[in-house]
Amino acid sequence: MLQLAFIRTNKEKVLNGLQKKHFQDIHLVDEIISLDEQRKNLQTQSDELLSKRNTASKSIGALIAQGKQQEAETNKSNVAALKEQIDALTGQLNEVEQQLNQQLVRLPNLPNELVPNGKTAEDNQVMKQSPDFPKLHPGAKPHWDLIIQYDLVDFQTGVKITGSGFPLYKGRGAKLQRALIQYFLDYNTAAGYTEYIPPHIVNASSAYGTGQLPDKEGQMYYIKEDDLYLIPTAEVPVTNIYRDEIVPASKLPIKMTAYTPCFRREAGSFGKDVRGLNRVHQFDKVEIVQLTEAANSYAALDQMVAHVEQLIISLGLPYRILRLCGGDMSFASALTYDFEVYSAAQERWLEVSSVSNFENFQTNRLKVRTKDEQGKTQLLHSLNGSSLALPRILASMLENFQTPEGIQIPEVLRPYFGASVIQ
RNA sequence: GGUGGGGUGGAUGAGUGGCUGAAAUCAGUAGUUUGCUAAACUGCCGUACGGGUAACUCUGUACCGCGGGUUCGAAUCCCGCCCCCACCGCCA
């Protein structure tokens with residue numbers, strides 16, 4: 001969430017930023033500022049009373065020690081009178097703080113100045129695009145036909161076991177998934193990211209920390225009995241590793257990577273968007289996360305973008321990089337680059353990675369801090385990106401690399417997959 | 001699931017109603033001593049939200065797992081919850 005002190009002193013900036021993000025409830029800002037005023041007021045008052053009570057209580061102890069019972073008793077009744085006021089004030093204070101916090105978590109992050117204006121995906125800015133597109137042979141098929149032809153994924157049985165959107169990978173399809181995961185992780189760790197295998201289920205505090213709650217409550221699978229959520233991305237457990245910690249500056253930047261399955265309810269989607277592997281409820285993804293000092297986060301973002309780009313290039317997939325416009329970026333993000341690969345048979349772009357700088361929006365909730373040179377605590381910046389999401393990579397590989405003789409496997413994957421072609 | 005033990009600052013760990021925001025030790029940090037390393041000695045060494053200030057400093061309050069209660073006063077007593085450890089049961 002945004003920092004109160006920042007909102008207080010930069011109201012115009014906040015309003016402009018929210019507008020750029022096409023955030024509706026602009027009035028929240030004024031509400032927050034006014035609640036904050038009330039809060040400060042109440043706190044000052046109640047602090048004063050508490051201070052009085054504390055001194056009086058201490059004196060009672062001293063008086064009793066001196067045997068001055070009488071005076072002690074008068075003091076006692078004085079404090080008892082204070083108590084009513086204190087209870088009333090702290091009650092109000094709690095109420096106001098609660099309201100303030102409720103409103104505060106509803107404000108999205110502000111966009112960086114590089115973020116283009118715009119409302120929908122149409123307005124995203126294309127930063128880079130591969131010049132070449134594969135020329136498919138006549139009779140080339142979309143991936144949902146190819147996975148049947150080569151018996152790689154069995155959607156029917158997935159439906160039987162669970163329901164639609166839960167693919168059952170099979171044989172070479174399963175092995176290709178495993179090869180991709182292994183390759184991605186090796187690629188990330190070679191770049192200095194520490195590998196983790198986090199829990200795939202998180203508690204509400206973790207989901208709040210990264211901003212999935214309360215914003216995207218309905219998109220996560222929820223286990224009621226235990227009040228836990230299936231992770232929609234490894235970002236959630238991994239970013240929470242450093243929750244409530246003050247990280248020594250010497251350890252920065254923190255670079256982490258993790259493979260996890262991801263679970264998304266994706267309520268309301270339909271049509272060709274969800275055909276085949278384009279959109280599913282459970283999928284595999286390898287994630288990268290960084291925690292950096294505030295001054296370094298945009299350099300880290302560039303570094304992560306270059307990192308993901310090289311990974312896609314190494315697979316030989318046609319791609320483009322988009323800078324998301326204010327209306328299309330996520331709640332918590334300050335600047336996001338999306339990577340899309342071209343899926344030649346469908347003739348459409350598929351998002352395979354989203355690399356974002358959250359600045360201190362997540363770390364403010366998570367309380368991830370460091371000490372600066374003056375010894376003051378400072379919030380870190382958090383960033384993450386997919387590296388990469390598997391199903392759409394698979395879809396794109398199948399479609400782009402199909403030949404009449406079979407599916408060609410990219411060079412870099414062959415050691416992991418153990419074959420150069422799927423026939 | 002059952003029984004027992006326990007949750008205190010970066011770590012270990014003392015503290016059973018006021019002198020405790022919290023001993024001591026270790027780690028960290030600044031310095032002194034030292035031919036270097038090591039050792040020894042000295043100072044500093046929690047977070048958040050307020051007030052005040054040009055700033056350093058100063059100052060108030062809260063926080064000893066979380067929430068409530070008792071009391072003039074709670075880390076300390078009472079109640080509820082969460083978590084951890086050990087053993088037993090079950091089990092990949």
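Sequence lines set the chain letters: A, B, ... in the order given, protein chains first and strands last, and positions in each chain run from 1. Scope of the values below: all heavy atoms of this structure, side chains included, with no hydrogens, waters or symmetry mates.
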Sugar-phosphate, base or nothing in reach of A/Thr377, heavy atoms under 4.0 Å: sugar-phosphate
Separation of B/G60 C1' from A/Lys58 NZ (nearest whole Å): 12 Å
Sequence-distant partners of A/Asn10, side chain to side chain contact (heavy atoms under 4.5 Å, CB included), two or more places apart: A/Phe6, A/Lys13
Nearest-angstrom distance from the residue atom CD of A/Glu97 to P of B/C49: 11 Å
By ring-ring contact (aromatic ring centres under 6.0 Å, His included) - contacts of A/Phe331 (at least two apart): A/Phe361
For atom NZ of A/Lys76 and atom P of B/G73, their distance in whole Å: 10 Å
Whole-Å gap separating C1' (B/A48) and CG (A/Leu100): 14 Å
Sugar-phosphate, base or nothing in reach of A/Asn54, heavy atoms under 4.0 Å: sugar-phosphate
Distance test, side-chain N/O of A/Arg53 to OP1/OP2 of B/G60, below 4.0 Å: no
N-O pairing of A/Lys11 and A/Asp30 below 4.0 Å: yes
Rounded distance in Å - CG (A/Leu82) to C1' (B/U61): 15 Å
Contact under 4.0 Å: A/Ser51 side-chain N or O vs B/U61 OP1/OP2: yes
Euclidean distance, atom CG of residue A/Asn203 to atom P of B/C66 [Å, nearest integer]: 16 Å
Rounded interatomic separation in angstrom, taking CD from A/Glu73 and C1' from B/G73: 13 Å
Step-by-step side chain to side chain contact (heavy atoms under 4.5 Å, CB included) determination, A/Leu350 to A/Glu340: CA-CA 5 Å; A/Leu350 300 175; A/Glu340 297 182 336; 6.0 Å; no
Sugar-phosphate, base or nothing in reach of A/Ile60, heavy atoms under 4.0 Å: base
A/Arg39 side chain near B/G50 phosphate (N/O to OP1/OP2, under 4.0 Å): yes
Interatomic distance where CG belongs to A/Asp244 and C1' belongs to B/G10 [whole Å]: 14 Å
Short side-chain N/O contact from A/Arg369 to OP1 or OP2 of B/A48, under 4.0 Å: yes
